[in-house]
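A short worksheet on the structure shown next.
A quick note: this is a predicted structure, and the numbers were derived from the prediction, not measured.
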Amino acid sequence: MPAPEPVRLGRKRALPVCPNPLFLRWLTELRDHARERGLKTQHVYNKAIGSLQKYPLPLQNAREAKILQNFGDGICKLLDEKLQRYYREHGPDAPIHSLPEGAPPAGRPDNNSLAPHKKNNVPKEEKKESGRGGGGGGGRKGKKREYVPQKRSGGYAVLLTLYRHFQIPGDKGYMFKMELQNEAQLLCDKSFSAPDLGSKYTAWSSVSTLIKRDLVVKTHNPARYSLSEEGASLAKRLASEEQGSSGGQEQRDRSEEEEGPGLVDLTVSDEEEEGVTPPGPGRPTWVSQAGGEAAGPSVSGKAQASELSGGRPSGGRLLPGDYDIILCVDFIETTGGSNHCKQDLVKELQRNGVTFDVRKLNVGDFLWVARERVAPVPGQLRAPVAMELVLDYIIERKRMDDLCGSIIDGRFREQKFRLKRCGLSRPIYLVEECGTAASHMSLPEATLQQAIINTQVVDGFFVKRVQDVRESAAYLTVMTRYLTRLYQNCTVVCRSRELEGDGGMKPSPHSTPSLSLLSFAEFNYGAIKNKSQTVREVFARQLMQISGLSGDKAAAILEQYTTPCSLLAAYESCPSEADREKLLSNIRYGKLKRNIGPALSRTVYQLYCTKGPLS
């Protein structure tokens, strides 16, 4: 066996000095400067210092340091600039692998001990500060600071609105999103729907913080918002402070009126002074949808229907002359396609002088919105976000080849069901190429014609037949002008679907237009195809997969049994097998109130109660 190596006794061998002390000193200065300013780049410089200390070879310039880990273009550029400045001060032949005279050596603690090799060298105070993440909780560890939202912020407005709403006798105990936003907007300086310039957050974004801190409880779908015990106590304190501040403000207002006129607002124009009669020092009036007034000065004439901030009508109301009818085109209808047919549609609309807007529509291909007319606000880069209310007309465009494909893959029935449930009462099918083009499809022409007739007679859709893209554009032009004339003297009001359930709107037999309209944001969000669904919606989709079970039949079954669990419980309560098979046979559906029938009832029973594969 070889003899073991002799144990070397003596002092530890000194570590080699960094061969690039100048670069090391500059990086240390950059790191310290970033740390003083609280920048996160201090950690980047720390890593670069560690890599440079491990590198044993001298560097001639900063570009050579790119081979080292944690050295990017930014750090190398800074070091090159410092190196050029060093050459200008000390001459082109100045040594760069040794420090200038009078500077401490690179290996001494007073020079580069600020570049730690281990995390243990970081002071404990700095670790605590980085762990707190900048929160102003002081140096005491473990003491949790109570969350109190800033006055006139989104969280403040939501808490106060929920608290005041729950003080009303006979209150239902919760609020939906739309009504909560509408009422909370009066107490908030920031918009609940439109983000500020350069930001992606609205006042509604603070609700997630309230939910995370267990101040607000969110349940059900559509969402219902209510206060927790902690949220109720905090909202009670905020309400008492609000009352105290409003009382003090009233006293100050009375004293100002007794003393006489104070400061004059030079930003108010002569027209505003003629139309507005402020009893107090220049605050806008908020008028609720029910007609009640909140605290603030009153506005006379037509200005009473609008807020002074951006001209937004109060309570989601658009007066005649305050909005334009705009055609909205789904972006799928303007991109792609063979023979540039989709681009021809856009050109035809432009040639006809139709004002349209291309956007993403989650259901349908064309619809119309009443868009508020907003004027730019002095001092702001962009005009306020205009309110958009969706008219009751929506069009689904179908070419014969698309109709054939949608019937084969099952999209046709699903699209009709979604159009019925979208909340608009007058859906229209625009069918193109109804002539000889149907003879070249994979389905017989008689089948396609029967599908079109069923859509009109059975499903209740209005079907418009055209021959080509030009006729489609002509029909959209005529409809746009018709709706503009129909709504020109109408006052339209925004309504919320959350307060009405998820059922489709029943069309009115009269020709008068509906004056209670959905906002475009709520309509488009409610029409998302793959959004999170309730058990009732999934149950309806399951039933509609059965051959012969239409949307009307599924809706009739859901009125009796809202979930699969309730249907299975009804099956278990039946005394015999025959009664289970006939359980759904006498349920009536549709306008004619026909029975579902025993055959379809037996199929549903076999689907949900047969153990093992179906025969």
Test of understanding: with side-chain hydrogen bond (donor to acceptor under 3.5 Å, both in side chains), list the residues that count as partners of N61, not counting sequence neighbours.
none

L83 to Q60 - nearest heavy-atom pair and separation
CD2-O, 4.1 Å

Answer yes or no: does atom NZ of K218 have more than 12 heavy-atom neighbours from other residues, nucleotides or ligands under 6.0 Å?
no

Would you compute the distance between atom CG of L367 and atom CD1 of I326 and round it to the nearest 0.5 angstrom?
12.0 Å

Would you find a donor on one side and an acceptor on the other, under 3.5 Å apart, between the side chain of H90 and the backbone of Y86?
yes

Can you name the nearest heavy-atom pair linking V535 to P564, along with the distance?
CG1-CD, 4.0 Å

Check for a donor-acceptor pair, side chain of R418 on one end and backbone N or O of A527 on the other, with a separation under 3.5 Å.
yes

With F366, which residues qualify under ring-ring contact (aromatic ring centres under 6.0 Å, His included), at least two apart?
none

Who are the side-chain hydrogen bond (donor to acceptor under 3.5 Å, both in side chains) partners of E183, not counting sequence neighbours?
none

Tell me, do Q350 and F356 make a side-chain contact under 4.5 Å, heavy atoms counted?
yes

Indicate yes or no: at least one non-hydrogen side-chain atom of D32 is less than 4.5 angstrom from one of Y45.
no

Would you mind reporting whether T28 and I49 have side-chain heavy atoms less than 4.5 Å apart?
yes

What I'd like to find out is whether the side chain of E81 reaches to under 4.5 Å of the side chain of Q84, using heavy atoms alone.
no

Would you say F192 and T202 make side-chain contact, with heavy atoms under 4.5 Å?
no

Does atom CZ of R359 have more than 12 heavy-atom neighbours, drawn from other residues, nucleotides or ligands, at distances under 6.0 Å?
yes

Could you verify whether a donor N or O on one side chain and an acceptor N or O on the other, from Y147 and E230, lie under 3.5 Å apart?
no

What is the minimum heavy-atom distance between L162 and Y225, and which atoms define it?
CD2-O, 3.7 Å

Where do L518 and C422 come nearest, in terms of heavy atoms and distance?
CD1-O, 4.2 Å

Heavy-atom donor-acceptor pair, Q185 side chain to K190 backbone, under 3.5 Å:
yes

Backbone N/O of N362 and side chain of N524: donor-acceptor pair under 3.5 Å:
yes

Looking at N20 and L57, would you say the former's side chain and the latter's main chain have a donor-acceptor pair under 3.5 Å?
yes

Looking only at non-hydrogen atoms, find the nearest pair between C188 and A157 and report the distance.
CB-CB, 3.8 Å

Taking side chain as C-beta onward, heavy atoms only, is V216 less than 4.5 Å from L227?
yes

side-chain hydrogen bond (donor to acceptor under 3.5 Å, both in side chains) filter on D409, not counting sequence neighbours, yields R411

Take the angle between the ring planes of F176 and Y174 and call it parallel below 30°, perpendicular above 60°, tilted in between.
perpendicular

Spell out, as yes or no, whether a donor-acceptor pair under 3.5 Å connects the side chain of Q42 to the backbone of R35.
no

Run the salt bridge (charged side-chain N to carboxylate O under 4.0 Å, His left out) test against D93 and tell me which residues pass, sequence neighbours left out.
none

Give a yes or no on whether a salt bridge exists between R421 and E537, defined as a side-chain N under 4.0 angstrom from a carboxylate O.
no

Please determine whether the number of non-hydrogen atoms from other residues, nucleotides or ligands lying under 6.0 Å from atom CD of Q167 exceeds 12.
yes

Please report the interatomic distance SG(C565) to CZ(F539), rounded to the nearest 0.5 Å.
10.5 Å

Residues that D214 engages under side-chain hydrogen bond (donor to acceptor under 3.5 Å, both in side chains), provided they are two or more places apart
none

Close side-chain approach of W26 and L78, heavy atoms under 4.5 Å
no

Kindly indicate whether the side chain of V207, heavy atoms from C-beta on, has any atom under 4.5 Å from the side chain of K177.
no

Any sub-3.5 Å donor-acceptor pair from S228's side-chain atoms to G231's backbone N or O?
yes

Distance-minimising heavy-atom pair for L52 and C18:
O-SG, 4.0 Å

Okay, side chain of S519, backbone of L389: is any donor-acceptor separation there less than 3.5 Å?
no

Using 0.5 Å steps for rounding, measure from the CZ atom of R213 to the OG atom of S208.
10.5 Å

